[in-house]
Structure formats: structure tokens, C-alpha cells
Number of protein chains: 2
Amino acid sequence: MLTDRQLLILRAIVDDYIKTAQPVGSRTLSKRSDVTFSSATIRNEMADLEEMGLIEKPHTSAGRIPSELGYRFYVDHLIRPESISPQEAKALKSLFAHSVNENDRLIRHTADLLSELTHYTTLVLGPKEEGQRLHHLELIPLAEGRVVIVLVTETGHVEHKTLQLAEALSREAASRLMQRLNQTLRGTPLSQLRVRLLEEIRRFRSEHSEQTTLLSKALDIVLMDQDNERPLIYLGGKANMFDQPEFQDVAKLRPVLELIEQQEALFDFLSPNLDNQILITIGSENNVDALKDCSVIRAHYSVDGISLGTLALIGPKRMDYNRGINSIIHLLQAFQTELRKNSLD
Amino acid sequence: MLTDRQLLILRAIVDDYIKTAQPVGSRTLSKRSDVTFSSATIRNEMADLEEMGLIEKPHTSAGRIPSELGYRFYVDHLIRPESISPQEAKALKSLFAHSVNENDRLIRHTADLLSELTHYTTLVLGPKEEGQRLHHLELIPLAEGRVVIVLVTETGHVEHKTLQLAEALSREAASRLMQRLNQTLRGTPLSQLRVRLLEEIRRFRSEHSEQTTLLSKALDIVLMDQDNERPLIYLGGKANMFDQPEFQDVAKLRPVLELIEQQEALFDFLSPNLDNQILITIGSENNVDALKDCSVIRAHYSVDGISLGTLALIGPKRMDYNRGINSIIHLLQAFQTELRKNSLD
DNA sequence: AATTAGCACTCGTTAAAAGTGAGTGCTAAC
DNA sequence: GTTAGCACTCACTTTTAACGAGTGCTAATT
């Protein structure tokens, strides 16, 4: 167990290092107004803290920096849930002043906002398709056998695909089929949609003896497309990475930026972990080599108790956890409220 | 005018520098099999080439590197339109083996292909909306006054927007209005669509005395949205930038990557210049400070003689122009063929 | 017993000095 | 016109020295 003085020193070291990115020496600390004891005393305490693995020195004659364990301790025990400043609270309220009807744009907007708010890079994992339920389906026949299928989910998400049929689908046939499909399929989870859709078309065909073989084949191909399986990831403030002194070296910067561009890898990484509402992973805790020098703050967003996706903040291990956590919590609130507005019960 | 020997030497210097990124010395050149004269002779010729501004030395005791003028001369006079290798030609053919129905995805796919082919970063500017013409318009009323409007252009581009009305629009009203709108508005350039759409709705209202004020207001807001004005830009192979030795320094890399993330700036930069089908700009010719160390190869793509957008390749000034130009030309062909397939006359 | 002042020591950082080598320009010989 | 030879330049590397922030330990102080 740590003494109060040790806690004070540890917090001071982490705070200072987060601010300056420079190893913190005993003399520097002793000059702080909240430190009443001498640098020698601090050195003794530091030796103890180092023995406990909470801090470390880059080399013999340097000050101390927090270890991963130190950051972990700081995050777990030393963070004070600071309320954001009044002007920020005001800004946050006005952020969503005019509603954004489409979830896609709402999510993109949110990613940008969060990165502006924190000056870190932001990742927003969109809702997984599979979990969502169908609200409405529309078939729009165009010229030359082209058919656009529009799909609206209960969360208000709209999506379209274009099919190419060998022969035209009449507007009347499309209309009849559509009416039937909407009657029977509303509420179907998208994960089952493909199977049930084909089944339903087959049944419709036998009842009405209409020629929809081509349609079902084309639909099958388009719905099979794995593009749909994976939720989209939106990024905000990528350039913020450049401002971090730890990423002035291309060798450090490259793996992070490369990972960020890879949808698949990111998806695996961000994929839901529903234990906590807010999850912070530090350095090697990320279990991703490219992120061994980064910390990630994740928050799951949900509507009506259903978890939809993830908001994440990515920065150096030396990131401002306090600010990051508070910003993400506050933005999460506003974001969920907007999402709620867009959903179709 | 340059002598044959000077041309040989200039080409050798540029080729060598493109390959190695190291200043080329007279001794190195004299060892090439196609060089029969001595290093001293080469030094004399180099002095002349330098006087003409075609090459320069980073410092007194270094080899020579091409100047911007040198690259310009190389691009204008020394490039041989090399046909791509058989295996690449084959690969190119199979690239679009299965058609991509949606232009958006086709464009994205193309950006990725081009960057894979060249190992440079690729930009693809999508078609400008304004120039395109309406093919079909669909209104889909959902629950709670939500209406999805789907818009299909003659190029086969599909787009949707969600409107929020204060009170529900009946399916019948929507259907009637839609039929009318499609009759009168097909072929309208998107640039005029907003005005003509509102006009048409107003007229429809007076004729049928239907309550569509809300609809036109909501439509107005949504169509006003400047998001639509600007074509999308797709990026491929961003990570390729990291491989270039000239961008190992964050100070050099940063402005380029930052620019690439800025849709607006890129849009202005890539905006059509219809003089040539292929345009190459080198370093300062880009007129963009962030690209002063880059070269850009641009190609305009068109369907049925109508220019739609731009394919671009971005790399260091020392980029492999030969390969870049040839790749972009070949991919352009295939890309346009696919686009043609997707258009609705 | 806890705290602090003092001091030798460590080690990264910076600056200057010396050595190395690739490459040039010039001159004289071919 | 071409080439061999040679002095010269200058980035790059290595070496050495000086510097200073910071530490650990010990002895004195509270």
C-alpha cells in the first residue's frame, strides 16, 4: 500500500510527464507548491516507487517517467472525474444543434468532434449490421434491368445496393413483391435476412408464378458480399498524431498510422468488449504490436440498452487520460441522444 | 539543343537517381555498359548540363541529381511509352473480372488497384454531382414522418438522403408526387435539381391541393447541404508514402499526409484541367506548398466523351514516371470500360 | 526515526577536432 | 576532342572533451 506522500509524488510525476513529455527529476518536483519536503526525500520515495514498478528511468542520470504499471495505477486510482469547463459544456451542447438525420453522417461528425475536443485521433466503430433489424425494404426498378434495393434498419440506418438483372423487372412486379416482403420480413435481424429473403421470394414465386429467379440470384450475390458484414470505421483527427513528440520518429509513427488505415485490423481490435462501459488499455495491454506505444480509451455506445458500436480515442501512452475520459463520456451522452432520435421503433 | 551524348547522360542520371535515390557520380556512370567514354568526359558534360539547369548537386562534393527542369525534360522527351509486362497486362484484365455495379465501390476499388500497381499513393476524384443528370427519383415514406429520398443519376450513381417531417407523408401521396416528379424532372442536371424540384412540388401542390409544404421545406434543407456539392475523393495506398526515402523525415512527410486528408484542398488541387488527358506536375509546378517535394500524375476519365473525374498518382519528385504513366494509362482504359457498363442512357 | 544537506558519480547531450572518402574542377598530356 | 592525374571540397563518421541534470549514498540535523 502506498503512503499519501507516495501517492502525491506518483501523481505529480505522471501529471508532469503528461504535460511536458520530459522525465521528471526530484528537484523539479520539490519546487512544486504542494510539495513541502526536500528533493532528497523525494529521491528516497522515488526509489521505493521504482522498486514497486510504478516508475522507471530512461537512463541512470535522468528523471523518472511512469511505467505502464504506473499509468495503470494512475488511471485506476488517481484520476479525478473532473467536470468539463463551462465553455466546453456549452460547446458540446451546440455541437448537435441541428440534428443530423443520417446515422452515417452523425457518426462521422462525432468522430471529428471528439478529435477536435481532445486533440487525439478518434476511431468510431459503426453499428454492426448483423445485430440490426429490418425496418423497410424497397425495390426500385430502373432501365436496362438495373434494380436498386434500399434497406432501412430500425436504427434508422439506410443502405442501398444496385443489382444487375439480365432482363427488366416491371414496376408492378417489384411493387407486389416489395409489399409482401415488407409484411413478412420487418423486424428480421440482418444476419438472417439473406436466407429469409430468398426463401420468401421463392415462396412468392410459387404462389404468384412470377418470374423472379433472376432477381433472387442477383440478390443472393449482392447480399453475400462481405462488404456488408463489417461495420464501417470512421476516423477523426489523424493529423493529431503528428503533434505528439513521441511520434516525431517515422519508425514510431508508421506502424500506428498504418494500423489505423486497416479497417479489418482495427475492427478486430475495437470489437466489443461489454464488461465495462469505458475501457482503457495502455501500451502492451492493447495486445497489438503497432500500438505498444499507444493508449486507447474506448466507450461503447448503445441505444435502448442495445450496444451498437464503439467510440475510441487513441494517443501516446503519455496521453491526457483525465481529459480524454471526460471528453468521451460527455460526448457519448450527446451522441446517444442523437442516435435515439434517428431510430424507428 | 542537347547532343546525343548529353541526352544519354541525362537519361542515365535520372534513371539511376529514380532507382537509388542517391546522387549519381561521374565514375558510377562511366561503369555503365552503354557508356563508352571516361568519367572525365562525363564530368565535362555534366558541367554543361548543370549550366543548362537540368541537373544540380546537393553540395560541392556530391554527385548530380536531376533538377525540376531536368525531370520536366525527362518527362517531356526521354520517356519511352513502355508497354506493361505480360503478367501485368493479364493481372489488369482480371482486375475487373467481376463487375462492380456501384460506381462508388468501383472507384474505391480502382484507387486501390492503382496504388497496388504502382506502389504510390493514389487519389481518385469522383464525378462532380452538378454535371450529372437525374435518371430517377424515389420517395420512400417510413414511420414517424421519416422519408428517404433516393436519387439515381444517368451515370448509375445512387444516393440517398433522409428527411424528417413533422407529420407523416402517406405512401399514396408520395407515389403520386414521385410519378409526377420523374416525368418532369428526368434529365435535369443536378445543379438545377434543387430549384426545379421545389418549383415542381409547388406546382403539384396547387394542382392537387395536397399538403406538401413540409416536404418541400425539408427537401430544401437537405438538398442545400453542401456535402453534396463536392465530389468524393478516394485514397489508396497511403502507407506507400512511408516507403519513400525522401519522406523518412516527419517534417517532410507531415505536410503531404495532412494535405491528403483534407478533402477540400485536394479537391481544389485536382479539379479538372481538360487540356491534356494526362498531366504531370513536378514539385513547385503543383502550386501547393505541401507538394513541393512531390510529383503528381493526373489522368481524366470520361464516359461517352463527358469528363467525369480524375485519377491521380502522387509520389516523390523522384518517382518512376515511366511506370506511373503506363500504369495509369492502362488502368484508365479498364476503369472507363467498367464505368460505361454502369451508366443508364 | 525521519528528514535533509552535501557530494561523488553517471550518462546523455552538445560542441569541437580530426580523419575518411566520394566526387569535383582544372590542367596537361594524348 | 578525350582522358589521366591531382589538388581540393565537403558531407559524414569517429573521437575527445566539456557540460549539466539527476541520482544514490552518507553523514548531519531535527
Side-chain angles (χ1 to χ4, degrees), chain A residues 1-10 12-14 16-17 19-67 70 245-246 248-249 252, chain B residues 1-10 12-14 16-17 19-67 70 245-246 248-249 252:
Chain A
M1 198 45 209
L2 296 179
T3 65
D4 282 354
R5 193 163 68 189
Q6 284 171 329
L7 290 177
L8 172 65
I9 290 174
L10 179 58
I13 290 174
V14 180
D16 216 70
Y17 187 64
K19 213 179 293 169
T20 66
Q22 295 296 324
V24 187
S26 57
R27 225 180 89 81
T28 315
L29 280 190
S30 72
K31 277 185 284 193
R32 287 173 62 119
S33 62
D34 54 349
V35 169
T36 56
F37 32 92
S38 79
S39 65
T41 308
I42 296 173
R43 281 200 289 281
N44 290 330
E45 297 287 24
M46 277 176 162
D48 292 348
L49 288 172
E50 184 168 1
E51 207 167 320
M52 288 183 254
L54 293 170
I55 56 179
E56 58 196 22
K57 22 180 190 187
H59 58 87
T60 324
S61 68
R64 301 305 211 291
I65 63 175
S67 66
E246 28 271 279
Q248 287 312 300
D249 181 9
K252 292 266 186 225
Chain B
M1 200 44 209
L2 295 180
T3 67
D4 281 355
R5 192 164 68 188
Q6 284 172 328
L7 290 177
L8 173 65
I9 290 175
L10 180 57
I13 291 174
V14 179
D16 216 73
Y17 187 63
K19 213 179 290 169
T20 66
Q22 294 296 323
V24 188
S26 56
R27 227 180 89 81
T28 316
L29 279 191
S30 72
K31 277 184 283 194
R32 288 173 61 120
S33 62
D34 55 349
V35 169
T36 57
F37 32 92
S38 78
S39 65
T41 309
I42 295 173
R43 281 200 289 280
N44 289 331
E45 298 286 25
M46 278 176 162
D48 292 347
L49 288 172
E50 184 168 359
E51 208 168 318
M52 288 183 256
L54 293 169
I55 56 177
E56 57 193 24
K57 22 182 190 185
H59 59 86
T60 323
S61 67
R64 301 303 211 289
I65 62 174
S67 66
E246 27 271 280
Q248 288 311 301
D249 179 10
K252 292 263 185 230

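Below, chains carry the letters A, B, ... as their sequence lines are ordered, and counting in each starts from 1.
Formation of a donor-acceptor pair under 3.5 Å by the S67(A) side chain with backbone atoms of G53(A) is found in this model.
With L2(A) as reference, L49(A) is the one residue of L49(A), D48(A), L8(A) to meet the side chain to side chain contact (heavy atoms under 4.5 Å, CB included) rule. Among the candidates T41(A), T36(A), V35(A), I42(A), the single residue satisfying the side chain to side chain contact (heavy atoms under 4.5 Å, CB included) test with S38(A) is T41(A).
A pairwise comparison of heavy atoms in P58(B) and G63(B) identifies CD-O, 3.4 Å as the closest pair. Taking each heavy atom of P66(A) and Y17(A) in turn, the nearest pair found is CD-CD2, 3.5 Å.
With values rounded to the nearest 0.5 angstrom, L29(A) atom CG is found 9.0 Å from D34(A) atom CG.
When each of R5(B) and P58(B) is assigned the nucleotide of DNA chain D with its nearest heavy atom, R5(B) is the one assigned upstream, toward the 5' end.
Atoms CZ (F37(A)) and C1' (dT29(D)) sit 19 Å apart, rounded to a whole Å. Per the geometry, CG belonging to D48(A) stands 11 Å off P belonging to dT3(C), to the nearest Å. Distance, H59(B) NE2 to dT9(D) P: 15 Å, rounded to whole Å. Atom pair L29(A):CG and dT3(C):P shows a separation of 16 Å (rounding to whole Å applied). When the C1' atom of dA5(C) is taken as reference, atom CD1 of I42(A) falls 14 Å away, rounded to whole Å.
The terminal axes of the helix from dA1(C)-dT30(D) to dC30(C)-dG1(D), fitted over 5 pairs per end, subtend an angle of 10° to the nearest 10°.
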CA sep, side-chain torsions, deciding dist, call: E50(A), I55(A), side chain to side chain contact (heavy atoms under 4.5 Å, CB included): CA-CA 5 Å; E50(A) 184 168 1; I55(A) 56 179; 4.1 Å; yes
Protein proximity profile, nucleotides 18-30 of chain C - base contact B, sugar-phosphate-only contact S, no contact -, cut-off 4.0 Å on heavy atoms: ----BSBB-----
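Salt bridge K252(B)/E246(B): absent, no basic N to carboxylate O contact under 4.0 Å.
Closest to the side chain of S38(A), out of dT4(C), dG12(C), dT3(D), is dT4(C).
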